[in-house]
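First up is the structure itself, then whatever we jot down about it.
Just the heavy atoms: all of them, side chains too, but no hydrogens, waters or symmetry mates, feed the values below.
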Amino acid sequence: MNIILLGPPGAGKGTQARALCDEYGLMQLSTGDMLREAKKSQSEIGKRAASIMAKGELVTDDVVIALIANKITEKEDAQGFIFDGFPRTLNQADALEELLLTTGQSLDHVIELFVDDSKLIERIVGRFSCTNCGELYHKLTKPPKDERSCDICGSTESFNFRQDDNEDSLKTRLLAYYRDTSPLIGFYHAKRILRKIDGLGSIDDIQQDIKNLVDPDF
C-alpha cells in the first residue's frame, strides 16, 4: 500500500504519516529526513545532496528520486510507503510514477489535507519539536506535559523551533505551495485516486478519517 499525503506546510502531514506507519507497518518517506540522513551517511548520493544544499540551492529531482529509490528497494519488509513532502511538482509526480512502475508497485491513495490559510498560520507559529526524537508539539494545542522534557522519549534536551515557522515566512511558503504543488491536486484527481480530508480537525479525528479511506485495502 503506497500513499501520498498532500497539503500545505503545517497541514499535519508528518503527524498523520507517523500514525499510519505505526498502525499499518508502512514506511514514511520524508524528503527532509532522507536528505539529512543522506548527508550524514557520506554516500555518493549523500555527498551530492550535501554539496547542493551547502550552496543554498534546491536539491534536484534526480537526487531526491535516487534517495527514494534506495529506500523502496532496501525496505522489502515494509507493508508499503507514505510519501510525505513528495512529490512537490508535476515533474516529480511523473518521476515517482515511473519509479513505482519499474519496481512493480503502484500508487493506491493520494490524500489531500486541506486547511484554511488563516487557521494554518495560527497552528504553525506555535509548533515545535523534540530535538532528540522529533515528536511534534504546539504551545497552545499540544504542549508537553512537562515543559522541560519530551512526553515520548523523556529527553531533556532543548526543544527545536523552526526558524521559518513565523507568519511572514509561512506566507512565502504557502505561495510556493500553491504555485508549485497545488497542480498535483488536479493531476491525481484526473487519475481518480485523490481524496480530500479536512485538516483542521483534531489529530485523532483526522487520523480516523484517513483510516476510513484506507482500511478496506488492509
Scan Gln79, Gln105, His109 and name whichever one has a side-chain contact (heavy atoms from CB on, under 4.5 Å) with Met1. His109
How about His189: does its NE2 atom have over 12 heavy atoms from other parts shown lying under 6.0 Å from it? no
Mark yes or no for whether Lys145, through its side chain, and Asp151, through its backbone, hold a donor-acceptor pair below 3.5 Å. no
Smallest separation among heavy atoms of Leu99 and Ala69, with atom names: CD1-CB, 3.7 Å
Any side-chain heavy atom of Ser106 sitting closer than 4.5 Å to one from Leu100? no
Note, Phe83 side chain near Ile68 side chain (heavy atom, < 4.5 Å): yes
Would a single hydrophobic cluster contain both Leu20 and Leu213, if residues Ile, Leu, Val, Met, Phe, Trp and Tyr are joined by side-chain heavy-atom contacts under 4.5 Å? yes
Ignoring hydrogens, what is the shortest heavy-atom contact between Ala93 and Phe187? Give both atom names and the distance. CB-CE2, 3.8 Å
Is a salt bridge present between Arg48 and Asp62, judged by a nitrogen-to-oxygen distance below 4.0 Å? yes
Asp204-Ser202 side chain donor-acceptor pair, cut-off 3.5 Å: no
With a 4.5 Å heavy-atom cut-off, do Asp84 and Leu5 have their side chains touching? no
Can you hop from Leu174 to Leu6 via hydrophobic side chains spaced under 4.5 Å? yes
Is there a donor-acceptor contact under 3.5 Å from the side chain of Asp108 to the main chain of Asn2? yes
Rounded to the nearest 0.5 Å, what separates atom CG in Asn212 from atom CD in Gln208? 4.5 Å
So do the side chains of Tyr24 and Ile82 get within less than 4.5 Å of each other, counting heavy atoms only? no
Interatomic distance, NZ@Lys171 vs CG@Asp117, rounded to 0.5 Å, equals 10.0 Å
CD of Glu157 to SG of Cys130, rounded to nearest 0.5 Å, is 7.0 Å
Path from Leu96 to Ile193 over hydrophobic side-chain contacts below 4.5 Å: yes
Given Ile197 and Phe114, is the side chain to side chain contact (heavy atoms under 4.5 Å, CB included) satisfied, shown in steps? CA-CA 6 Å; Ile197 287 179; Phe114 65 93; 5.5 Å; no
Any link between Met27 and Val64 through a network of hydrophobic side chains (Ile, Leu, Val, Met, Phe, Trp, Tyr) touching at under 4.5 Å? yes
Starting from Leu101, can I reach Ile72 by hopping between I/L/V/M/F/W/Y residues whose side chains sit under 4.5 Å apart? no
Any side-chain heavy atom of Leu184 within less than 4.5 Å of one from Leu90? yes
Residue pairs involving residues 4-19 (criterion side chain to side chain donor-acceptor pair (under 3.5 Å); sequence neighbours excluded): Arg18-Glu135
What closest approach, in Å, do Ile206 and Gly201 show between heavy atoms, and which atom pair accounts for it? CD1-O, 3.4 Å
Drop me the distance from Asp205's CG to Leu200's CG, to the nearest 0.5 angstrom. 12.0 Å
With Phe159, which residues qualify under ring-ring contact (aromatic ring centres under 6.0 Å, His included), at least two apart? Phe128, Tyr137
Apply side chain to side chain contact (heavy atoms under 4.5 Å, CB included) to Glu23 and list each qualifying residue two or more places apart in sequence or on a separate chain. Lys211
Of all heavy-atom pairs linking Pro87 and Ile4, the shortest is CD-CD1, 3.5 Å
Validation row: Ile65, Phe86 side chains within 4.5 angstrom (heavy atoms): yes
Could you check whether any side-chain heavy atom of Leu107 comes within less than 4.5 Å of a side-chain heavy atom of Lys191, counting everything from C-beta outward? no
What pair of heavy atoms forms the shortest contact from Ser129 to Gly134, and how long is it? CB-O, 3.9 Å
Just wondering, do Ile3 and Phe81 contact through their side chains at under 4.5 Å, heavy atoms? no
Ile185 and Lys196: CA distance, side-chain angles, deciding distance, side chain to side chain contact (heavy atoms under 4.5 Å, CB included) verdict: CA-CA 10 Å; Ile185 295 170; Lys196 293 178 180 285; 3.8 Å; yes
Smallest heavy-atom separation, Cys153 atom then Asn132 atom, equals SG-ND2, 3.3 Å
Quick check: does any side chain N or O of Thr156 sit under 3.5 Å from a backbone N or O of Ser149, one acting as donor and the other as acceptor? no
